[in-house]
There are 2 protein chains.
Amino acid sequence: MIVLLLYSRELKLKYGIMDILMQSVRIEINEKLYLKDPESSSLGKKIVEESIHMIVELGFDHFTFKKLGAKINSNESSIYRYFENKQKLLLYLAAWYWGWMEYRMVFATHSISDSKEKLEKAIEVLTQNVEEDNAFSHINEIVLNQLIINEYSNSYLVKEVYKENKGKKDDYFTICKRLVARLSEMITAVDKKYPYPLSLASTIVEGSLHQHFLKEHFPTLTNCNDKINPTDFFTDLIFRTLNQKN
Amino acid sequence: MIVLLLYSRELKLKYGIMDILMQSVRIEINEKLYLKDPESSSLGKKIVEESIHMIVELGFDHFTFKKLGAKINSNESSIYRYFENKQKLLLYLAAWYWGWMEYRMVFATHSISDSKEKLEKAIEVLTQNVEEDNAFSHINEIVLNQLIINEYSNSYLVKEVYKENKGKKDDYFTICKRLVARLSEMITAVDKKYPYPLSLASTIVEGSLHQHFLKEHFPTLTNCNDKINPTDFFTDLIFRTLNQKN
DNA sequence: CGAATATAATAGTAATACTATCATTTACTA
DNA sequence: TAGTAAATGATAGTATTACTATTATATTCG
């Protein structure tokens, strides 16, 4: 869930309302993903902040707590007090990412009453490349977006997750599930008769990451490039699909 | 490429033509993926055969050459003579899988002249769950299909691949690229004006794996289940999308 | 100021991902 | 059929990883 704090009138005047909101948004994350809340200390924040850069740089496989400790002038053992292991840290980052995406999607679509427009906006938010960091949170969203594009599958392919937590596995993905459910509802609002709203929603969410990945690493497998982006492709796809006159 | 050997008339009578073809099909795999061709010896075949089962059982992360050696009554060091490391072995298996899919797709669609029918058949072959093993090759295709569903992303997310092989990285995926290109052409044949045939093709190919994965591990994120399968979803999606009358 | 708490430093363990060496079996050839 | 090359097996060894445990040193807070 998202927690909003109240800010003074002065602050609201100084920054825009969106910025204020961003500043005060806190993305709530499943407690089982950490041992000690990284938001509760400056070391914790540094761990999260720097791990994002490091995973993007080295790839998840070559990322270790020891290397991270060295980089932030801290110690391996200290990092272990925040996260059980690096898989949990990755899941934490993924949860944060989905929470943030959900927040942006809900925020951007909330005031739109036309269902088509609403869905269009949602797709835009979900499939766009993140190009601006809100600069309030310690998390660099641009780099985090890159991380998720590169490693997203790791975050749910780690067999640990669903072996360790039989029955509870879904907990880790509550946010992502909620996001897909919301998108699915928007699809249904546009076309009540469409029979696969959930599959279409999950295809948009993960297909978008995939197209971004292809664009970067295997450009011959996609039409996306500097000019055409995944948003164009998916917007076109969804509106061709819904409300057919057959 | 696919190599066909010639068989005697007797054999052709004994088995059907498809079976014969299957028996004589050999999927050619990039030589850089192995040190010694595993098809060239019984040990090599055992390595490939048993590794598939083991990776599905343990998950790729917990799979090791030592464990595999124990299982096939061979030695870690012997396996290293066939494959540089387990990542390469996974890439080998993925290459085999895509080669086999391409073969099935080409075979199944070759004689169809109507472009819609052709595309429909291709989608069917690519998105269906593999339920029958051809029983000729030593590779169990049902289990391999399961492996690819579980671990496919590993096979191209391993940073090694595109760090080690800058510029050459695509080589490992030639077959997959060719498959997507063929599918893309079939899409264009149905609708010459459709602007994203490559993206649509890659979305089908990887989206199908993803839907199979969700069906199994996160059923609330998909409409696919025992009755509805990814083939239904994608067939519907593609034919709604192409040849709109707008 | 003292006590709790957080962090750092160090050491140690078991597993992994290899490499190297040498012994043995098998296959092939003169 | 002996003799040799090639394939495989057995064993050992190394560096790295993913931790756990222990103890020492800061830092914070009542």
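Here is the naming used below: chain letters follow the sequence lines, and residue numbers restart at 1 for every chain.
- Distances were taken from every side-chain heavy atom of B:T64 (C-beta onward) to each of C:dT21, C:dT16, C:dC18; the shortest belongs to C:dT16.
- Taking atom CD of residue B:E76 and atom P of nucleotide C:dT16, one finds them 10 Å apart after rounding to whole Å.
- OP1 or OP2 of C:dA17 sits under 4.0 Å from a side-chain N or O of B:K86.
- Straight-line distance from the CG atom of B:L43 to the P atom of D:dT8: 5 Å, rounded to whole Å.
- In this model, the phosphate group of D:dT8 is not approached by any side-chain N or O of B:S74 to a distance below 4.0 Å at OP1 or OP2.
- In this structure, A:L68 places its CG atom 15 Å from C1' of D:dC19, rounding to the nearest Å.
- Going from atom NZ of B:K66 over to atom C1' of C:dA15 covers 8 Å, rounded to whole Å.
- Note on A:F65: nothing from the nucleic acid sits closer than 4.0 angstrom, heavy atoms only.
- Within the 4.0 Å cut-off from OP1 or OP2 of D:dA10, at least one side-chain nitrogen or oxygen of B:N75 is found.
- Cation-pi geometry between B:K86 and B:F65 is not met at under 6.0 angstrom from the ring centre and within 45 degrees of the axis.
- At whole-Å resolution of the value, CG in B:N85 and C1' in C:dT16 are 13 Å apart.
- Atom-to-atom, CD of A:Q87 to C1' of D:dA18 comes out at 9 Å; the value is rounded to the nearest Å.
- The backbone N or O of A:L35 sits nowhere less than 3.5 Å from a side-chain atom of A:E84 that would complete a donor-acceptor pair.
- Across all strands, B:Y82 comes closer than 4.0 Å only to sugar-phosphate atoms, never to a base (heavy-atom distances).
- Looking at heavy-atom distances under 4.0 Å, B:K36 makes contact with sugar-phosphate atoms alone, never a base.
- For the pair A:R81 and B:R81, nearest-nucleotide mapping onto DNA chain D gives the more 5' position to B:R81.
- Two residues are said to be in side-chain contact when any heavy atoms from C-beta on lie closer than 4.5 Å; B:S202 and A:L214 meet this criterion.
- For the side-chain contact (heavy atoms from CB on, under 4.5 Å) criterion with B:S208, the lone passing option out of B:N229, B:T203, B:T127, B:N129 is B:T127.
- Between D:dT11 and B:S77, no contact under 4.0 Å exists linking OP1 or OP2 to a side-chain N or O.
- Residue A:K67 places none of its side-chain N or O atoms closer than 4.0 Å to OP1 or OP2 of D:dT16.
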